[in-house]
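Below is one structure, written out as structure tokens, with a few remarks after it.
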Amino acid sequence: MPGVVIVGAQWGDEGKGKITDLLAEKAAVIVRFQGGNNAGHTIVRDGEEFKFHLIPSGILHAEKTSVIGNGVVVDPRVLLGEIDGLKRAGVSVANLRLSANAHLIMPYHVLLDTAGETKLGKNSIGTTRRGIGPAYADKALRLGIRVQDLLDEKILRTKIRAALEPKQQALRELSVQRRKLRKEAGEDGRSGAGTEAAQTPDPRLDVHAMVEEHVSFGHRLEPHIADTARLCWDALDSGKTVIFEGAQAALLDLDHGTYPFVTSSNPIAGAATVGAGVGPADIDEVWGIAKAYATRVGAGPFPTELEDEIGERIVEQGHEFGTTTGRRRRAGWMDLVALRYAVRLNRMDALAVTKLDVLRGIGTLRVAVRYRSKEGAVLDSFPYHQSILHSATPEYVELPGFDEDIGGARKESDLPAAAREYLRYIAEFIGIPVRLVGVGPDRDQVVWLEA
Ligand code: IMP
């Protein structure tokens, strides 16, 4: 199957990295098509832990090409940090390619992300504060800086100036805030308004320094910059397998997720075409990844959330703390209404269920099979109206739990009957097969199921 898309089927952090790493064995190219360093993958290989935010999970396969596609927003400082980290760990990055058309996350995007969240106060989205939203906003406004601009100092300077100009008001407010905070912290007692120190602009926004720094990023990134769409076409046209690796997940999709509590890109299979530069007919197979339960970071509706001891246990047993921000994730039962929605939205062919081992010893398991609105209406499908979703309560089916350690299971028959029944129930409900099951953090801790 030459074109394979891998996407998150819930609210992110489903363990896509591990599954991509496994499926990548058969691929020649692995391309990320959206998101930025808001994502975080942890891959455990031979006991060694690798964390990536931007670089595709396929990088650990030295002979394969890893691509950061045009749909990704790239913080060059973060990318270079990851490249350096991999080199230090002895992993070759010679086959890493970066789309010349990908947009950059600039220092002002990061500042504006934080400022926007602070301004929203208790209504904040809970973004990762990595500048993702503002970078995509500039892209849509045609004020974005692209990777290729790093290679031309004159263009870079002009574009940075043009991008900064309409943000002056917001950035001025930021400077005032910054001065106030510094004053409150007693860092600069004499810097009252009007003094020279108070007038000092934020050094992170100095155009001259920004241009210089980014030109040097360009020099370092140049060997990796390429026409990555063509690279994908060449691989696909010669019958090689290309994996399109999504970040985040269906319910965080800008159009189809729980807006505004979403990310600023489209993490669904359809977006792989735009974000990598291929056509819909290049996609042959879509894999969704779901945890055996559900988690969510940041604000927004989460019908099956558990705010009790079981939720606490899942967080502890599943180490549910973000790779990117370290934030504790919210946890809850598997939501089959939301999952069935994600399956259809992505037209998934197969599902991988990760972290099944985390449910060990929890007791009776529950899966949400419908919601009930606050007026008492039965909702069999994911409601499109946000207010309905906000106040919907899930109705559950109970399934037997299991106490056995399943970390050593490698084939279906190694799994306890209750675990098999749990997977069977999910597959039947969503109408697609569960093909792969994660039973522990290590790469080989998986069970392939018959289709
Ligand atoms: P942003 O993508 O940083 O703008 O954050 C928007 C929302 O998406 C917030 O609720 C984040 O917590 C969430 N989000 C972004 N990236 C991820 C991810 O990789 N996993 C889980 N949630 C994410």
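Ligands are counted one by one from 1 in listed order, and the atoms in each one are counted from 1 as well. The structure displayed is predicted, hence computed values, not measured ones. We count residues from 1, following the sequence as given. Note: hydrogens, waters and symmetry copies are ignored here, and every other heavy atom, side chains too, is used.
The atoms of ligand 1 that sit less than 4.0 Å from any heavy atom of V297 are 10 (O), 12 (O), 21 (C), 22 (N). For ligand 1 and V262, the ligand atoms under 4.0 Å from any heavy atom of the residue are 6 (C), 7 (C). Taking every heavy atom of W11 and a limit of under 4.0 angstrom, the matching atoms of ligand 1 come to 21 (C), 22 (N). Near I125, the atoms of ligand 1 lying under 4.0 angstrom from a non-hydrogen atom of the residue are 10 (O). Near G126, with a cut-off below 4.0 Å to any heavy atom, the atoms of ligand 1 are 9 (C), 10 (O), 11 (C), 12 (O).
In terms of N/O distances under 3.5 Å, ligand 1 is approached by T128. Residue D13 places at least one N or O, backbone or side chain, under 3.5 Å from an N or O of ligand 1.
Between E395 and R370 there is a salt bridge, with a side-chain nitrogen of the basic residue lying less than 4.0 Å from a carboxylate oxygen of the acidic one. Taking 4.0 Å as the cut-off between side-chain N and carboxylate O, E320 and K291 count as a salt-bridged pair. Contact check on R443 versus D21 returns a salt bridge, with a Lys/Arg side-chain nitrogen under 4.0 Å from an Asp/Glu carboxylate oxygen. Taking 4.0 Å as the cut-off between side-chain N and carboxylate O, R220 and D84 count as a salt-bridged pair. Between E165 and K167, none of the side-chain N atoms (NZ, or NE/NH1/NH2) sits under 4.0 Å from a carboxylate O, so this pair counts as no salt bridge.
Residues W333 and Y293 keep their aromatic ring centres 6.0 Å or farther apart.
Look at R329 and you'll find every heavy atom at least 4.0 Å from all atoms of ligand 1. Contact analysis puts A39 in contact with ligand 1, with a non-hydrogen atom separation below 4.0 angstrom. Ligand 1 lies within reach of Q248, whose nearest heavy atom is under 4.0 Å from it.
Ring geometry for Y341 versus F382: interplanar angle under 30°, hence parallel rather than tilted (30 to 60°). The aromatic rings of F217 and H214 sit perpendicular to each other, their planes meeting at more than 60°, with 30° as the lower class boundary.
From the protein, the heavy atom lying nearest to atom 14 (N) of ligand 1 is L252 CD1, 3.8 Å. Protein heavy atom at the shortest distance from atom 5 (O) of ligand 1 is T127 CA, 3.3 Å. From the protein, the heavy atom lying nearest to atom 2 (O) of ligand 1 is T263 OG1, 2.6 Å.
With a heavy-atom cut-off of 4.0 Å, D113 does not touch ligand 1 at all. For N38, heavy-atom contacts with ligand 1 shorter than 4.0 Å involve the backbone as well as the side chain. Contacts of R130 with ligand 1, taken as heavy-atom pairs under 4.0 Å, are absent altogether.
Summarising the local packing, CZ of R157 is surrounded by more than 12 heavy atoms from other residues, nucleotides or ligands at distances under 6.0 Å.
Among the candidates L423, V446, T354, the single residue satisfying the side chain to side chain contact (heavy atoms under 4.5 Å, CB included) test with V437 is L423.
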